[in-house]
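Okay, so here's the structure we're looking at.
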4 protein chains.
Amino acid sequence: MPAPQETKPRWERRKDARPQELLAAALAQFVERGYAATRLEDVAKRAGVSKGTLYLYFTNKEELFKEVVRANIVATIGEAEQDAASFDGPSGELLSTLLLRWWTEIWATPLGGITKLMLSEGNNFPELAQFYNEEVVARGSLLITEVLRRGIARGEFRPVDPVVMTRVLIAPVLMLMMWTHSYMPTCDMPDVAPEAFMETFIITTLRGLRADST
Amino acid sequence: MPAPQETKPRWERRKDARPQELLAAALAQFVERGYAATRLEDVAKRAGVSKGTLYLYFTNKEELFKEVVRANIVATIGEAEQDAASFDGPSGELLSTLLLRWWTEIWATPLGGITKLMLSEGNNFPELAQFYNEEVVARGSLLITEVLRRGIARGEFRPVDPVVMTRVLIAPVLMLMMWTHSYMPTCDMPDVAPEAFMETFIITTLRGLRADST
Amino acid sequence: MPAPQETKPRWERRKDARPQELLAAALAQFVERGYAATRLEDVAKRAGVSKGTLYLYFTNKEELFKEVVRANIVATIGEAEQDAASFDGPSGELLSTLLLRWWTEIWATPLGGITKLMLSEGNNFPELAQFYNEEVVARGSLLITEVLRRGIARGEFRPVDPVVMTRVLIAPVLMLMMWTHSYMPTCDMPDVAPEAFMETFIITTLRGLRADST
Amino acid sequence: MPAPQETKPRWERRKDARPQELLAAALAQFVERGYAATRLEDVAKRAGVSKGTLYLYFTNKEELFKEVVRANIVATIGEAEQDAASFDGPSGELLSTLLLRWWTEIWATPLGGITKLMLSEGNNFPELAQFYNEEVVARGSLLITEVLRRGIARGEFRPVDPVVMTRVLIAPVLMLMMWTHSYMPTCDMPDVAPEAFMETFIITTLRGLRADST
DNA sequence: TATGAATGAGTGTTCATTCAT
DNA sequence: AATGAATGAACACTCATTCAT
């Protein structure tokens with residue numbers, strides 16, 4: 001009896017890589033189509049597996065979605081927190097840096113798509129929305145709030161409620177995220193470049209926030 | 001003589017009131033569930049009629065939605081346009097009035113829910129999105145843009161690109177709309193009153209926009 | 001108190017005419033669309049009445065259809081029978097006259113449409129089909145058969161089974177009826193004028209039937 | 001040891017056989033009920049599968065029907081075309097062979113039912129009618145027309161318009177098809193055997209077509 | 001007698017989920 | 001571990017029929 005040849009399998013065994021690949025495919029599809037409109041078959045096709053395989057790794061569509069979110073949220077925020085802590089210059093500069101980085105680093109990232117998705121369809125997944133808020137929104141907001149407190153304490157910003165102001169600062173960026181991730185061209189009526197938006201927004205708001213602008 | 005049975009009629013004739021009732025029910029359901037997740041049968045049930053009745057008054061789901069939008073918009077925007085045209089004071093005041101009215105009159109109104117809905121699901125229903133944009137967003141935006149032009153021309157505002165600035169002004173209000181209409185309370189993390197948000201936003205932005213803030 | 005004026009009613013009372021009008025409208029619609037595809041609402045609209053009115057006169061769609069057929073079958077056949085009986089010339093001439101008249105007088109008549117309809121959808125109304133056959137097809141066929149017998153007896157036609165031959169003679173006319181009443185132009189591939197069809201058919205068949213064509 | 005329960009599997013894997021089975025079930029149902037009245041659920045039930053399964057193999061009802069036609073036609077017509085091309089004898093013989101074969105090979109086949117169906121319901125499904133005409137009727141007709149041209153050119157047939165004559169030749173066979181597939185027995189009034197019909201029809205018509213029958 | 005608003009059963013189609021292989 | 005054939009619940013829309021007015 002001939003020993004079975006150690007043939008290289010036609011497709012490579014990558015037991016461990018599978019889940020990642022599936023999550024990647026799911027992420028892409030969710031971002032592209034939204035949650036409800038994403039068909040698991042398309043996710044499977046995108047990952048190059050069969051529909052059934054998805055169910056070997058994820059209980060159902062909802063769980064898959066949750067995993068996608070969890071897998072893509074981790075690191076990014078932590079960095080920003082550290083940067084902010086070690087910054088030493090004027091608060092306005094810190095603030096604008098933070099907002100700009102937020103935009104540039106998230107927007108290019110899948111996280112941008114997820115944010116849009118959560119804002120859009122979060123209602124249908126209260127549990128998930130809560131999770132997302134706690135892990136992402138709350139931590140991010142706190143960061144901004146702290147900078148505002150710092151600026152007010154140092155007399156750089158006029159006295160405002162830092163929590164409310166945080167929201168005012170976050171809102172435009174989130175909205176830009178939504179606009180950017182909406183692929184209907186008509187919706188972005190007269191074309192406004194995200195960069196121009198961010199610049200105008202930051203300049204104007206910082207001016208409005210300055211303590212010395214009597 | 002036996003008392004005549006008090007049989008409840010299978011249906012009641014309500015010819016004139018019907019359309020309004022249906023639109024109201026549809027609006028509520030759309031806002032509550034979103035467009036895609038709204039089943040026409042539920043709308044019907046909510047209005048106390050049968051599924052078929054809806055089709056006596058509206059061609060299909062899409063048309064029903066459009067009617068809902070039309071019935072809740074026309075007046076509102078028109079008024080704002082007229083008010084703006086006849087206003088005579090400083091542009092900053094006009095702008096803040098406009099934004100505040102926008103918020104108060106739309107937010108209290110179900111129209112807020114519709115705006116949220118369009119932002120959320122617009123992607124999946126391009127035709128609806130386009131319709132909404134043309135009828136609502138474009139007209140509203142133009143209003144703001146014109147005020148900005150006016151203020152810049154009169155030297156009240158510093159020179160900014162009025163189109164970009166329009167977006168910057170719109171974004172926070174839209175975002176507030178989204179937050180407000182997301183019924184997961186957790187999402188509104190530290191409770192920020194919409195009024196406080198609007199106030200802080202308007203004051204800050206107008207300060208940042210003023211021409212004389214050297 | 002003024003005596004109520006004897007005003008002429010806005011619409012004329014024509015109690016007796018109603019059923020006829022309804023039947024006429026139904027006939028037209030059935031012929032135009034076929035049985036299944038005819039919506040009672042369209043019949044009503046065509047007759048200028050409301051949908052409900054139809055149900056005052058006819059139990060349901062099926063009964064309406066039956067009445068339409070019954071009301072349009074009566075007279076025509078009788079005439080032909082009498083003409084044939086009193087004819088005195090050569091049988092070939094009689095036959096061709098009969099076939100041509102059949103075509104010209106039925107084709108223009110609603111009976112043509114009904115024939116097409118019966119052929120098409122008769123399966124779904126076995127009872128009706130039977131009735132139609134007995135009253136129309138059988139009597140008409142018998143007429144032809146008799147002429148064939150006459151011709152054979154007089155030595156004008158070669159000896160054929162007159163019953164079978166009757167079918168052979170009827171078939172093309174019926175088929176022409178079907179083609180003519182099919183309003184999809186494509187189905188009548190290269191356009192063949194009904195008159196040309198009838199002429200070619202009659203000439204060829206009579207030639208084939210002649211006794212002397214040795 | 002307990003005998004393993006003989007549970008019947010919810011479904012059986014039949015990958016390769018399935019399409020054929022589905023087509024067969026669909027054919028039967030279509031012929032039995034007609035196109036419009038055939039519910040896909042019944043087709044599925046007949047094939048012993050669920051409704052959804054149909055959609056694994058066929059895009060929709062219309063496509064299913066087209067496939068049924070394709071699966072039952074291609075061969076038949078093709079053969080006839082080849083036979084005709086290679087035939088070398090007198091045109092009358094070719095013609096009668098063609099017509100007879102058409103009858104016997106189609107009539108015995110469910111394809112007869114489909115022809116009946118198209119004649120009956122074609123009006124209501126223009127696209128199907130067109131498809132059927134192009135694929136079946138047009139090709140078949142052309143075959144006959146060519147034979148007629150051949151016969152005329154060779155002096156075997158008297159000069160007639162071959163296109164019109166084609167129709168005259170087709171009509172009786174189609175009509176016979178309709179009669180045969182109408183399952184109301186009454187409709188075939190005095191019992192005429194299809195074979196007798198065909199024989200009488202062919203003999204008579206060929207006699208009428210002969211060039212030498214002075 | 002006439003109306004037409006209202007009904008609700010029925011069907012084609014989609015897609016998340018299951019399970020024999 | 002992986003497949004993909006099979007499932008069946010769900011939903012938009014139609015239309016014959018009913019019935020309060």
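Computed from heavy atoms alone, side chains included, the values below leave out hydrogens, waters and symmetry copies.
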How long is the line joining OH of B/Tyr35 and C1' of F/dC11, in whole Å? 12 Å
Distance, rounded to the nearest Å, where D/Lys51 contributes NZ and F/dC11 contributes C1': 11 Å
Find the distance A/Phe58:CZ to F/dA1:C1' and express it as a whole number of Å. 15 Å
Side-chain touch D/Val69/D/Tyr132, heavy atoms, less than 4.5 angstrom: yes
Counting only side-chain nitrogens and oxygens, does A/Thr53 get under 4.0 Å of the OP1 or OP2 atom of F/dT3? yes
For A/Glu127, look at atom CD and say whether over 12 heavy atoms of other residues, nucleotides or ligands are found less than 6.0 Å away. no
Chi angles and distances behind the side chain to side chain contact (heavy atoms under 4.5 Å, CB included) call for B/Arg18, B/Val49: CA-CA 9 Å; B/Arg18 268 291 137 76; B/Val49 299; 3.4 Å; yes
Specify the separation, in whole Å, of atom CD of C/Gln29 and atom C1' of F/dC15. 14 Å
Where the side chain of D/Asn124 meets the backbone of C/Arg33, is there a donor-acceptor pair that is under 3.5 Å apart? yes
Within residues 39-47 of chain C: residues closer than 4.0 Å to DNA chain F (heavy atoms): C/Arg39, C/Leu40
Under-4.0 Å salt bridge between C/Arg46 and C/Glu21: no
Separation of atom CG in D/Leu54 from atom C1' in E/dC15, rounded to whole Å: 16 Å
With a cut-off of less than 4.0 Å, is there a side-chain N or O of A/Lys61 near OP1 or OP2 of E/dA16? yes
Sequence-distant partners of B/Thr53, side chain to side chain donor-acceptor pair (under 3.5 Å), two or more places apart: B/Ser50
Given DNA chain F, 5'-ward residue of the pair B/Asn60 and C/Ala37, judged by closest heavy atom: B/Asn60
Just checking, A/Arg70 and A/Phe131: is the charged tip under 6.0 Å from the six-membered ring centre and within 45° of the axis? yes
To the nearest Å, give me how far apart CG (C/Leu56) and C1' (F/dT18) are. 12 Å
Report the distance from atom CZ of C/Arg18 to atom C1' of E/dT3, rounded to the nearest whole Å. 11 Å
Regarding the side chain of C/Tyr55, the nearest nucleotide among E/dG12, F/dA16, E/dA5 is F/dA16
Calculate the interatomic distance between D/Leu22 atom CG and F/dA5 atom C1'; express it in whole Å. 12 Å
Residues B/Glu135, B/Lys66: salt bridge by 4.0 Å N-O rule: no
Would one find a side-chain N or O of D/Ser50 under 4.0 angstrom from OP1 or OP2 of F/dG8? no
Can you tell me if the side-chain N/O atoms of A/Tyr57 get under 4.0 Å from OP1 or OP2 in F/dA2? yes
On DNA chain F, more 5' by nearest nucleotide between A/Val49 and B/Glu62 is A/Val49
Select base, sugar-phosphate, or nothing to describe what C/Thr59 touches, counting heavy atoms under 4.0 Å on all strands. nothing
Going by heavy atoms in the side chains, are D/Tyr57 and D/Leu64 under 4.5 Å from each other? no
Aromatic plane relationship, A/Phe125 with A/Tyr35 - under 30° parallel, 30 to 60° tilted, over 60° perpendicular: perpendicular
Strand DNA chain F as a dot-bracket string - pairs counted if Watson-Crick or G-U with both distances under 3.5 Å, | where the partner lies in another strand: .||||||||||||||||||||
